[in-house]
Participant: 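Okay, here's the structure, questions in a sec.
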Number of protein chains: 4
Amino acid sequence: MQADLRRPSKGDRTRRRLLDAAAALLARDGPAGVSLSGIAEAAGLQTGSIYFHFGSKDELIATVLEEGLRESLRHLDDALQPHPAGDAGARLWAAVRAHLDALVELSDYAAVVLTMPEPDSDASVATYRSLMQRYRSRWTELVEDAQRSGAVAAGPEARLVRDLLFGAMNAVAGTRRRPGRTPADCAAAVRELLAGPLGPPPGG
Amino acid sequence: MQADLRRPSKGDRTRRRLLDAAAALLARDGPAGVSLSGIAEAAGLQTGSIYFHFGSKDELIATVLEEGLRESLRHLDDALQPHPAGDAGARLWAAVRAHLDALVELSDYAAVVLTMPEPDSDASVATYRSLMQRYRSRWTELVEDAQRSGAVAAGPEARLVRDLLFGAMNAVAGTRRRPGRTPADCAAAVRELLAGPLGPPPGG
Amino acid sequence: MQADLRRPSKGDRTRRRLLDAAAALLARDGPAGVSLSGIAEAAGLQTGSIYFHFGSKDELIATVLEEGLRESLRHLDDALQPHPAGDAGARLWAAVRAHLDALVELSDYAAVVLTMPEPDSDASVATYRSLMQRYRSRWTELVEDAQRSGAVAAGPEARLVRDLLFGAMNAVAGTRRRPGRTPADCAAAVRELLAGPLGPPPGG
Amino acid sequence: MQADLRRPSKGDRTRRRLLDAAAALLARDGPAGVSLSGIAEAAGLQTGSIYFHFGSKDELIATVLEEGLRESLRHLDDALQPHPAGDAGARLWAAVRAHLDALVELSDYAAVVLTMPEPDSDASVATYRSLMQRYRSRWTELVEDAQRSGAVAAGPEARLVRDLLFGAMNAVAGTRRRPGRTPADCAAAVRELLAGPLGPPPGG
DNA sequence: CATGAATGAGTGTTCATTCAT
DNA sequence: CATGAATGAACACTCATTCAT
């Protein structure tokens, strides 16, 4: 009783351990490759505890994604803040850099949400389908602005451009752990390769 | 006796039905998300028949990949033939168009081989690791040539550029079945977006 | 809390039921002839429960063997205790009687461990290979002592004598359930038949 | 047409190849450890051919056993012939030697029939249950004669003595392939160990 | 809150058997 | 006669889920 609001309760800490373990394993193996017993073991707990806190595998994954989404959106907003609403090209560039940063430097949560395949046909992941939509639509707006301002070719559908950017960034980021390859390398490659259609990176 | 060389045997047709079912499901769900019972059911057969024809799940997948690889490489060669060895930029452009064509217009086999994730840590798919390598290294050479000729920025590592192109093309092609989106849309988007670093498409 | 140390938990009782069912079926059909579904059904459970308690078929069998081994060794030690270390012939006789007793009167666990074929080439039973070795080497020492003391012919290799004794005892014990045949019959037959090479049974 | 009775037909040769392969594998792995595909492969044939010649796995095994039985009985008769019907002790000794010889020197057929476990509870091998009975009852008569003549202790039931002898001989013969152990070693051990109850071996 | 225990459907795989050719 | 092909039941094992304690 008299719960201290500052100190997390024992239940909260258990919940956190489960989420951390799930995020780490999801980032490595994807939703299909991860088992609840694996997550529970990595968290030093029993699989039953997952059901108390989350109710199902899908709910657990959805929660991890939600945390990752929140983190990613916060990161994106931070990166966009210095750039005025008018300069759509610079804003899109900043978003690219933020996305790559998130993939290579932020927590597993961000990595999970950014690389999760779009769950088109998989009924078992219906729960978190809508979550992903928020991050994607944020990007669609950035692309639309850039197209309106002429910084990006106006021909292709904005959602298509967004998917192309996602695919390129995630593919390159997926190679970041190879020997002799640094996160900076990956970011530089994406920036340089996309320099044409997006215009030159603002810094020079 | 007097076997008609034209007519495939009953076994060949069964084998083909299994491969087709497997290719379709693999293109949709990936190797981990596909079950042999699902494939057999889609082919109107029993799971045991898979073991008669292929021996194991891995062998079946490897065979699908091999067919897709052969088809994709043939398609790539056809697309490159009209372009002289000297014009590395045009050749890379033609390869992009061929890859996208394969993804949206060729059989499921091509789609499987082109979108299969690189099997880094999964021991169970060791069989077809080397198969993928052939297609990838073909692309790496194309990129290297384009970098040497100045058609593509020489800064980033060629394999990185290749992965970026793969990611971008596959992501865009992955959306090809959405309502109101044609294969041509996807191809146009990739071409236009990459017009800068790759130079303008040869036709215009 | 305040766990009653006397009462075994529900899990312990389930584990025991599985072990008992496994021992009974193993004694009858051997490791290759036994299926986990058969064991689970005999125990009134699902096959999944075996994996919770033992992890694999081999582990289950190894546990049954270990229990049987412990029981058999205890029985052997009890039988040898009254006989002084000096009288090797009497000790070997007592061991024969103890082995036969174990086969016909003790639990299925003892029967399993005593009649299990030596797993020479079967890789899947590597786990319990070492377990059997303990009981066998115990017997080899008994035979060696008897050979040194002259109670048993010194010519043949001790391990060969041990195998001969095992074969004879197990074969006879294997017939113990035929109608009109008592455990005492079997024991008497072995004793009388081996009375020559081992010397007369100590009691007269 | 005009089949030459001397030369075996193609079908006979196929049948023989199957039987030989089956005998070899049965001697090594036992009836439960042998698969029809394994036998067919070892014979360079297809599993379907087994069903043409034998109708079922059980029938195939029964045929192998019958050949082994015939061979073993012939061998036993040859060994007994020099010994007059009156000397029951010498006859039993000769039988022991013949059995061991068959195990270590004759064909796989003999090895199969002599080491096959008595199929008490296994419904799938009901076919050849009666076959084994012939060889066993032959031995029972030998033991009964020896008991009547006083060469073997008259107390135990004759069938029990027979099983003890079988168990001892087969166990020892089962070790004949260990490094540094010759068939002669095994035979000598059995003879020496059983010298008491059976009386000394006739030769000395 | 969390655990230990158990379930039932599912996975890849093996195998005896059947049958058209 | 023999093969190539296919079946269906069984097997060892995994996993998401449930629930009494």
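Just so we're on the same page: letters track the sequence lines, and every chain starts at 1. The figures that follow rest on heavy atoms only: side chains count, while hydrogens, waters and symmetry mates do not.
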Participant: How far apart are the closest heavy atoms of D:Gln46 and D:Ala40, and which atoms are they?
Facilitator: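 Closest heavy-atom pair between D:Gln46 and D:Ala40: C-CB, 3.6 Å.
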Participant: Base, sugar-phosphate or nothing for B:Ser49? Non-hydrogen atoms, less than 4.0 Å.
Facilitator: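 Contact class for B:Ser49: base.
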Participant: With heavy atoms under 4.0 Å as the rule, sort B:Leu45 into base, sugar-phosphate or nothing.
Facilitator: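 Contact class for B:Leu45: sugar-phosphate only.
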Participant: Are any non-hydrogen side-chain atoms of B:Arg15 and B:Thr63 less than 4.5 angstrom apart?
Facilitator: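 Contact flag for B:Arg15/B:Thr63 side chains = yes.
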Participant: Can you tell me the distance, in whole Å, between the CZ atom of B:Phe54 and the C1' atom of E:dT14?
Facilitator: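 So the two atoms are 18 Å apart, to the nearest Å.
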Participant: Rounded to the nearest angstrom, tell me the gap between atom NZ in C:Lys10 and atom P in F:dA20.
Facilitator: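 So the two atoms are 9 Å apart, to the nearest Å.
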Participant: Select base, sugar-phosphate, or nothing to describe what C:Ser37 touches, counting heavy atoms under 4.0 Å on all strands.
Facilitator: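 Result for C:Ser37 = sugar-phosphate.
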Participant: If we call it a pair only when both distances are under 3.5 Å in a Watson-Crick or G-U wobble match, what pairs with E:dT14?
Facilitator: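 Pairing partner, where one exists within any strand: F:dA9.
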Participant: Between C:Gly55 and B:Thr47, name the one whose nearest nucleotide on DNA chain F is closer to the 5' end.
Facilitator: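 Here B:Thr47 is the residue nearer the 5' end.
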Participant: Choose from F:dT3, E:dT18, E:dG4 the nucleotide whose nearest atom is closest to any side-chain atom of D:Gln46.
Facilitator: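 Selected nucleotide (nearest to the side chain): F:dT3.
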Participant: Given F:dT17, F:dA2, E:dT3, identify the nucleotide with an atom nearest to the side chain of A:Lys57.
Facilitator: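 So the nucleotide nearest the side chain must be F:dT17.
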Participant: Got B:Leu60 and B:Leu19 here, is their nearest side-chain heavy-atom distance under 4.5 Å?
Facilitator: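 With C-beta onward as the side chain, the pair touches.
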Participant: Under 4.0 Å between a side-chain nitrogen and a carboxylate oxygen: does that hold for A:Asp20 and A:Arg16?
Facilitator: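 The answer is yes: the pair qualifies as a salt bridge.
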Participant: Return the nearest nucleotide to the side chain of C:Leu36; candidates are F:dC15, F:dA12, F:dT17.
Facilitator: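 The answer is F:dA12, which lies nearest to the side chain.
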Participant: Out of curiosity, A:Ile61 CD1 to A:Leu25 CG, how far, rounded to the nearest 0.5 Å?
Facilitator: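 Reported value, rounded in 0.5 Å steps: 11.0 Å.
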Participant: Whole angstrom is fine here: how far is it from CZ in A:Arg17 over to C1' in E:dA2?
Facilitator: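 Going from A:Arg17 (CZ) to E:dA2 (C1'), I get 11 Å.
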Participant: Output the single nucleotide from E:dT17, E:dA16, F:dT17 whose closest atom is nearest the side chain of D:Ser56.
Facilitator: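 Shortest atom-to-atom distance from the side chain points to E:dT17.
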Participant: Quick one: is E:dA2 close enough that its OP1 or OP2 comes under 4.0 Å of any side-chain N or O from A:Thr14?
Facilitator: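 Checking E:dA2 against A:Thr14, a side-chain N or O does come within under 4.0 Å of OP1 or OP2.
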Participant: I want to check one thing: is the phosphate of F:dG4, taken as OP1 and OP2, less than 4.0 Å away from some side-chain N or O of B:His53?
Facilitator: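 Result: no.
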Participant: Without decimals, in angstroms, what is the distance between D:Leu18 CG and F:dC1 P?
Facilitator: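 Between P of F:dC1 and CG of D:Leu18: 13 Å.
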Participant: A:Glu59 has an atom CD; how far is it from atom P of F:dA16, in whole Å?
Facilitator: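 Going from A:Glu59 (CD) to F:dA16 (P), I get 15 Å.
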Participant: Now, which nucleotide makes the Watson-Crick or G-U wobble pair with F:dC1, with each of the two distances under 3.5 Å?
Facilitator: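 Here F:dC1 is not engaged in any pair, so there is no nucleotide opposite it.
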Participant: Please state how far atom CD1 in D:Ile39 lies from atom P in E:dT14, giving the value in whole angstrom units.
Facilitator: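 In whole Å, E:dT14 P and D:Ile39 CD1 are 17 Å from each other.
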Participant: Quick one: C:Asp12 CG to F:dT21 P, roughly how many Å, whole number?
Facilitator: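 Value for this atom pair: 16 Å.
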Participant: Ignoring the backbone of D:Tyr51, work out which of E:dT13, E:dT17, E:dA5 is nearest its side chain.
Facilitator: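 For the D:Tyr51 side chain, the nearest candidate turns out to be E:dT17.
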Participant: Where is the tightest heavy-atom contact between B:Ala43 and B:Leu18, given as atom of each residue plus distance?
Facilitator: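 Here B:Ala43 and B:Leu18 meet closest at CB-CD2, 3.9 Å.
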Participant: Taking CD1 from D:Ile50 and P from F:dG4, how many angstroms apart are they, rounded to a whole number?
Facilitator: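 Result: 14 Å.
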